[in-house]
Every structure is written in structure tokens, then in C-alpha cells.
Protein chains: 2
Amino acid sequence: MARWEPNAAERLAHAALELFAERGYENTTVIDIAQRAGLGKSTFFRHFQDKREVLFGGGTMNALLAEAIAAAPATAGPLEAVAHALDAAGGEVFTPARREFIARRQAVIAANPELQEREALKNLALIASMADALKRRGVADLTARVAAELGALASTIAFERWSRTAAEDDFSEIARQALDEVRASTAFC
Amino acid sequence: MARWEPNAAERLAHAALELFAERGYENTTVIDIAQRAGLGKSTFFRHFQDKREVLFGGGTMNALLAEAIAAAPATAGPLEAVAHALDAAGGEVFTPARREFIARRQAVIAANPELQEREALKNLALIASMADALKRRGVADLTARVAAELGALASTIAFERWSRTAAEDDFSEIARQALDEVRASTAFC
DNA sequence: TACGGTGATGGAACCAAGTCCCATCACTCG
DNA sequence: CGAGTGATGGGACTTGGTTCCATCACCGTA
């Protein structure tokens with residue numbers, strides 16, 4: 001079924017992360033990445049829209065969260081539905097097996113403003129996606145936006161904690177805890 | 001005091017907005033911008049870090065909001081302090097005189113993902129700046145982050161409404177109203 | 001076995017963003 | 001009037017990103 005070496009995109013993403021970690025994002029050329037993956041520059045841009053995107057390619061995250069929100073029990077309030085989504089993220093994306101990889105990726109992003117910009121935009125899209133999913137459940141517009149925003153904040157906080165854990169803690173549990181703390185904090189505002 | 005034609009940065013920003021509105025961001029070259037301002041490419045990059053930054057240059061916003069939060073009455077809670085900051089923004093930045101200009105700028109940004117990325121990052125910095133200012137008032141870390149996030153959301157909503165108003169409504173009032181609505185919405189989460 | 005179709009690839013030519021470096025020019029001060 | 005200062009102009013260069021075309025590996029079919 002597979003021609004040539006398969007998984008070109010995956011190989012490129014892997015090579016890119018390696019090189020970024022070794023020499024930094026700025027000191028790595030697209031040609032460098034392609035060469036390490038045994039490919040050419042053209043092929044790189046056939047698989048990724050631009051150099052940044054090679055770190056953000058696996059993005060089915062939006063759909064995953066939206067579906068999880070849609071699938072939450074009808075009795076669940078907005079934040080409960082969001083909690084459902086974070087649960088799903090813990091089960092499918094932020095798994096113990098990927099923790100190391102994701103943490104290294106995050107370190108690379110943290111070291112480069114260009115990548116932070118891309119991440120910020122992806123995060124906005126994620127929030128919009130969650131808010132839309134909530135509205136489709138009949139949640140009022142503004143409430144949906146607030147809930148999505150609070151969910152994103154909880155997710156960020158949970159991610160910070162989870163990626164620092166040495167133990168193989170479950171992201172879902174950490175996220176639920178973070179979301180509870182965030183919800184409690186709104187009372188003090 | 002002034003040599004040559006003064007206000008090079010201002011002239012460049014003005015020329016850039018004109019050209020972006022005329023032909024779009026992507027179809028405008030840095031050289032085009034510089035030429036319309038009567039300057040050279042080198043001079044453009046001497047005044048702005050990159051092509052995107054020409055639309056975000058006037059950014060003393062962070063300091064403005066942080067100072068307004070610091071200056072809020074000691075009795076004010078986190079969200080009241082944030083409201084104070086939005087008030088200041090309405091008085092210094094989102095003034096009736098600049099409404100038209102800012103709205104056109106926003107239209108250009110809305111039409112281009114590259115510019116949206118930059119804006120998203122600036123917005124993150126703004127939130128961090130507000131959260132820091134709140135912490136310096138003794139607000140608990142998490143509460144500060146939540147309040148800053150809610151403030152940013154209120155600001156975004158207020159801006160959407162303000163830039164669409166034909167009348168010369170006061171941003172501060174709209175923002176206060178939006179913040180109240182956001183606060184109320186947290187109860188339904 | 002031979003042949004054409006398909007899809008992934010490689011590479012060259014090209015444009016624009018951004019950097020570096022140096023010459024130049026306008027103005028100021030002694 | 002001459003030296004210093006700071007903004008400018010422009011050219012050479014690297015890299016990101018696009019476009020186009022030739023190539024190559026595999027597949028199905030005759």
C-alpha cells in the first residue's frame with residue numbers, strides 16, 4: 001500500500017522537533033528539516049503550510065473537544081460540558097505516553113515568539129470551537145463564551161502542572177481539579 | 001529640533017494602513033509602504049521590527065492598563081480594578097476621535113491570519129500584564145488570572161460593540177456594561 | 001510482460017521578508 | 001568652517017514560501 005517511505009509528514013515533524021531542540025528554531029532551515037527526514041524542500045511545503053505549522057500539525061483537537069461537549073449529558077451545565085471535553089483531551093491527546101514529547105515541543109515553543117504567535121491563534125480557535133459547541137447545546141451566547149474562556153484557562157493551568165509532573169499522573173484528573181479551582185475563583189472576582 | 005521630515009514611524013504606519021485597506025496586506029510590499037511614506041526599506045525596518053508590527057506600534061497599552069489597575073481604590077475588588085483599567089482605555093485609547101481609524105485597522109487585521117496571530121499574542125501579553133498588576137494588589141494568583149481573562153473578554157465584547165456604533169458612544173460606558181454582563185454570566189456556568 | 005495512469009517527490013526559478021554593512025546627507029556644536 | 005552625530009538609502013545576502021515541470025515508484029490492465 002505504501003510507496004517510498006511512508007509517513008512523510010510524521011518524519012518531518014519528528015526531524016523538526018529534534019533540530020529545534022538541538023540548535024533552536026531560528027537556526028534551523030526548512031531545508032535542514034527536509035534533509036534530515038530524507039526529503040526535499042518542496043515536499044516539506046506540500047505537507048505543511050509553513051515552517052511553524054510543522055509543530056502544530058496534528059490538530060484534530062478542535063473537533064475532539066467540540067464533539068466531547070456535544071456528547072456531554074443533557075443535564076450537564078456549561079462548565080460540566082467543558083469538563084467533559086477536558087476529560088476527552090486527557091484520554092486522546094495528553095496521554096502519559098506522549099507526555100515527554102509534548103513537553104519538549106512546548107519548551108521549543110516557549111523559546112520562540114514566532115511559535116508563540118501561532119499557538120496563541122490556535123488557542124483562540126479552540127476557544128471559539130468550544131463556545132460554538134456550547135451554543136449548539138442551547139447555552140446563551142455570552143455564557144458560552146465565558147465558559148469556553150474559563151475552560152481554556154483551566155486547561156492551560158492543568159497543562160502546566162501535568163507537563164511538569166515526573167509521575168504519570170492523569171491529565172483528566174488534574175484538569176478537573178484545575179477547573180474546580182477556576183470556578184471557585186470566579187466567586188472572588 | 002526636527003531633521004528631515006519628522007514622524008517617520010507615524011507616516012509609515014499611516015501609509016501602511018492605507019495600502020492594506022486598498023490592496024490587502026498580502027499584496028502590499030514593505031517597499032511599497034516605505035515609498036508611499038517617502039522613505040526606504042531600511043528605514044522601515046529601523047522603526048518596526050517586522051511588517052506586521054507597523055499596525056501594532058503604538059503599544060503602551062500594557063503599561064496603561066497596569067497603571068490603572070494599580071491606581072484603583074484599595075477597597076476595589078479584582079473586577080472593579082479591571083473596570084478601572086477599561087475606563088482608562090476608554091479615556092486614552094478608544095476615544096471617539098480615533099474610532100474610525102481603529103475600526104479600519106481592525107478590519108484589516110480581521111482579513112489576515114498573519115495579523116491575527118500578532119494580535120492574539122499582544123492580547124496574551126495584555127492579559128498577563130493585567131494579572132500581574134492584580135497580583136501586586138495582593139490578589140491571589142489564580143483569582144488574578146481569572147479576573148484578567150474575564151476583563152479581556154469584556155474588553156473584546158465592548159470593542160466589538162463600540163466599533164460598530166455609528167454614534168459617538170463612550171467606550172468606558174460600553175465596557176462597564178459588558179463587564180457587568182460577563183460577571184453575571186459566570187453565575188450560569 | 002508491457003503499458004499508461006496516478007500520486008508523491010525533487011529541483012530550479014522566482015518573489016518578498018528581514019539582516020548586515022557602509023556610504024551619504026542634514027543638522028548641530030564648537 | 002570643520003568635526004561629530006544620527007537618520008537615512010541602498011545594495012548584497014539569507015531564508016521562507018510559491019510555482020512549475022520533470023521524474024519516479026507503484027498500480028491496474030491488456
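Quick note: numbers below take in every heavy atom, side chains included, and nothing from hydrogens, waters or symmetry partners. Each chain gets a letter, A, B and so on, in the order its sequence line appears, and its residues count up from 1. Values in this document were obtained by computation on a predicted structure and should not be read as measured data.
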Contact under 4.0 Å: B:Arg52 side-chain N or O vs C:dG18 OP1/OP2: yes
Can you see if the side chain of A:His47 gets near the phosphate of C:dA8 - specifically, an N or O under 4.0 Å from OP1 or OP2? no
Rounding to a whole Å, what distance do you find between [X]:[atom1] and [N]:[atom2]?
{"X": "B:Asn7", "N": "D:dA7", "atom1": "CG", "atom2": "C1'", "value": "14 Å"}
{"X": "A:Ile31", "N": "C:dT9", "atom1": "CD1", "atom2": "P", "value": "17 Å"}
{"X": "A:Phe48", "N": "D:dG16", "atom1": "CZ", "atom2": "C1'", "value": "16 Å"}

Ignoring hydrogens and angles, are the base of [N] and the side chain of [X] linked by a donor-acceptor pair under 3.5 Å?
{"X": "A:Lys41", "N": "D:dG17", "answer": "yes"}
{"X": "A:Arg46", "N": "C:dG7", "answer": "no"}
{"X": "B:Thr43", "N": "D:dG9", "answer": "no"}

Can you tell me which nucleotide in [options] comes closest to the side chain of [X]?
{"X": "B:Ser42", "options": "D:dT19, D:dG16, D:dG11", "result": "D:dG11"}
{"X": "B:Leu39", "options": "C:dG18, D:dG9, C:dT9", "result": "D:dG9"}
{"X": "A:Thr29", "options": "D:dG16, D:dG17, D:dT19", "result": "D:dG16"}

If you pin A:Gly40 and B:Glu114 to their nearest nucleotides in DNA chain C, which one's is more 5'? A:Gly40
Between A:Glu173 and A:Gln177, do the side chains contain a donor N or O and an acceptor N or O under 3.5 Å apart? no
Could you tell me whether A:Arg161 and A:Asp169 have a side-chain N and a carboxylate O separated by less than 4.0 Å? no
Considering only NZ, NE, NH1 and NH2 on the basic side and carboxylate oxygens on the acidic side, decide whether A:Glu53 and A:Arg118 come within less than 4.0 Å. yes
